[in-house]
There are 2 protein chains.
Amino acid sequence: MDPESIRQSLEGSGLRCTPQRYGVMAFLMEHAGHPTAAEIFEAVNRLDPRSTRATIYNNLRDLVQAGLVREVAVEGRSARFDAKGMRHHHFVCDRCGSIEDVEWYEVPRPAAGSLGKRVLRECELIVRGLCTRCAPRGTLSAKRRRRVDT
Amino acid sequence: MDPESIRQSLEGSGLRCTPQRYGVMAFLMEHAGHPTAAEIFEAVNRLDPRSTRATIYNNLRDLVQAGLVREVAVEGRSARFDAKGMRHHHFVCDRCGSIEDVEWYEVPRPAAGSLGKRVLRECELIVRGLCTRCAPRGTLSAKRRRRVDT
DNA sequence: ATCTCATATTAGATATAATCTAAATGTTTC
DNA sequence: GAAACATTTAGATTATATCTAATATGAGAT
């Protein structure tokens, strides 16, 4: 990923290109696996410059607000983050919570009438199921399902 | 909402119809506003029988697992819960995090090829924007946006 | 009706995720 | 280089959810 283009997209969005912020953005662009904040924290801190947890969260929030990064909430798990590159939908694994991209295709929007006076901004599709790592093993039946490492 | 039919849907799913569990289920069926666990806890405990937080969470988990209730995760906010009645999509307010139902309509599923060996279970649409309470006031621009009461 | 036992509930502790605070540091503007 | 502003930091704090181990209870069997 070209460092200069990262710098430009940050500054183009009114964000200063600090080493820490650059690190978060660059990591997200190089790792499309939808990491959690904790994973980003760990990965970034194996390199330089190191960041504190608060800085990671601050920068993720700024990047999301600037529209450069998308945050995806998953039931019962930590949020995951995703550099907005090509448009795509999301596949969420019901078992391990991992997120993968699904090739983009147009989805019809709800009729204006059914929305009333609400303002529609975005329309996103979440596909749920079992990822390839989880599928062969099928569904867990244990009542209190334990988290699974991603 | 007919008490007997609630009892039956619980038992039909292999869940004992305890007063606490019944209370959670009945509350969700009577309040389609997608309450959070905390809201359910509060509401249920204004009546009898009272439940502890753990019981509310246990029952919500059991109900979700039994397929009677849906959990909806929202970025940066607590999970919300929804008795599965008629099929519908969800509208999430970007500003206050509230969830409203959007009339159901069929959405095309991703091509099998693009999913690879993943198992598709469900396909849900999330519509984002501003709810009627938030829309007139427009988008907040404050950098550190505060939570808003729902 | 009562016995039995897996299931459910409880209080409180604990874990996890995310945010806040206040001070220090870095950057830009004049 | 001083003022104004933005960012980072360490650590405390909050919010959300889960766990633990003891106790209670519902529902089928007797």
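Naming convention: chains lettered A, B, ... in sequence-line order (proteins, then strands); numbering from 1 in each chain.
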Given protein heavy atoms under 4.0 Å, the one-letter contact record of nucleotides 25-30 of chain C, with B base, S sugar-phosphate only and - none, is simply --S---

Interatomic distance where [atom1] belongs to [X] and [atom2] belongs to [N] [whole Å]:
X: A:Asp48; N: D:dT8; atom1: CG; atom2: P; answer: 14 Å
X: B:Asn45; N: C:dT9; atom1: CG; atom2: P; answer: 13 Å
X: B:Ile56; N: C:dT9; atom1: CD1; atom2: P; answer: 9 Å
X: B:Arg21; N: C:dT10; atom1: CZ; atom2: P; answer: 12 Å
X: A:Leu60; N: C:dT19; atom1: CG; atom2: C1'; answer: 13 Å
X: A:Arg61; N: C:dC20; atom1: CZ; atom2: C1'; answer: 11 Å
X: B:Leu10; N: C:dA8; atom1: CG; atom2: P; answer: 10 Å
X: A:Phe81; N: C:dA18; atom1: CZ; atom2: P; answer: 7 Å

Rounded distance (nearest 0.5 Å) linking atom [atom1] of [X] with atom [atom2] of [Y]:
X: A:Met25; Y: A:Gln20; atom1: CE; atom2: CD; result: 16.0 Å
X: B:Met29; Y: B:Asp2; atom1: CE; atom2: CG; result: 9.5 Å
X: B:Arg21; Y: B:Arg16; atom1: CZ; atom2: CZ; result: 8.0 Å

With heavy atoms under 4.0 Å as the rule, sort A:Thr36 into base, sugar-phosphate or nothing.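 Counting heavy atoms under 4.0 Å across all strands, no contact is made by A:Thr36.
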
At under 4.0 Å between heavy atoms, what does A:Ala79 touch on the DNA or RNA strands: base, sugar-phosphate, or nothing?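 Sugar-phosphate contact only.
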
So which nucleotide from D:dT16, D:dT9, C:dA17 ends up closest to the side chain of A:Thr52?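 Of the options given, the side chain of A:Thr52 lies nearest D:dT9.
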
Which listed nucleotide (C:dA18, D:dA17, D:dG11) is nearest to the side chain of A:Ser78?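 Of all the options, the side chain of A:Ser78 is nearest to C:dA18.
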
When you look at A:His89 and A:Trp104, which way does the side chain to side chain contact (heavy atoms under 4.5 Å, CB included) test go after all the steps? CA-CA 6 Å; A:His89 296 304; A:Trp104 170 258; 3.2 Å; yes

Is there a side-chain polar atom (N or O) of [X] under 4.0 Å from OP1 or OP2 of [N]?
X: B:Gln20; N: C:dT10; result: yes
X: B:Tyr57; N: D:dA17; result: yes
X: A:Asn58; N: D:dA6; result: no

Starting at the 5' end of DNA chain C, which residue's closest nucleotide do you reach first, B:Gly14 or B:Arg53?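 This one resolves to B:Gly14.
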
Using side-chain contact (heavy atoms from CB on, under 4.5 Å) as the criterion, point out the one residue from A:Ile99, A:Val74, A:Leu28 that pairs with A:His34.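 It is A:Ile99, the one option of A:Ile99, A:Val74, A:Leu28 that forms the side-chain contact (heavy atoms from CB on, under 4.5 Å) with A:His34.
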
Kindly determine whether A:Arg118 and B:Val127 satisfy side chain to side chain contact (heavy atoms under 4.5 Å, CB included), including the steps that lead there. CA-CA 10 Å; A:Arg118 290 173 284 189; B:Val127 183; over 6 Å; no

Just by distance, do the side chain of B:Arg95 and the backbone of B:Arg133 share a donor-acceptor pair under 3.5 Å?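 Checked: no pair found.
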
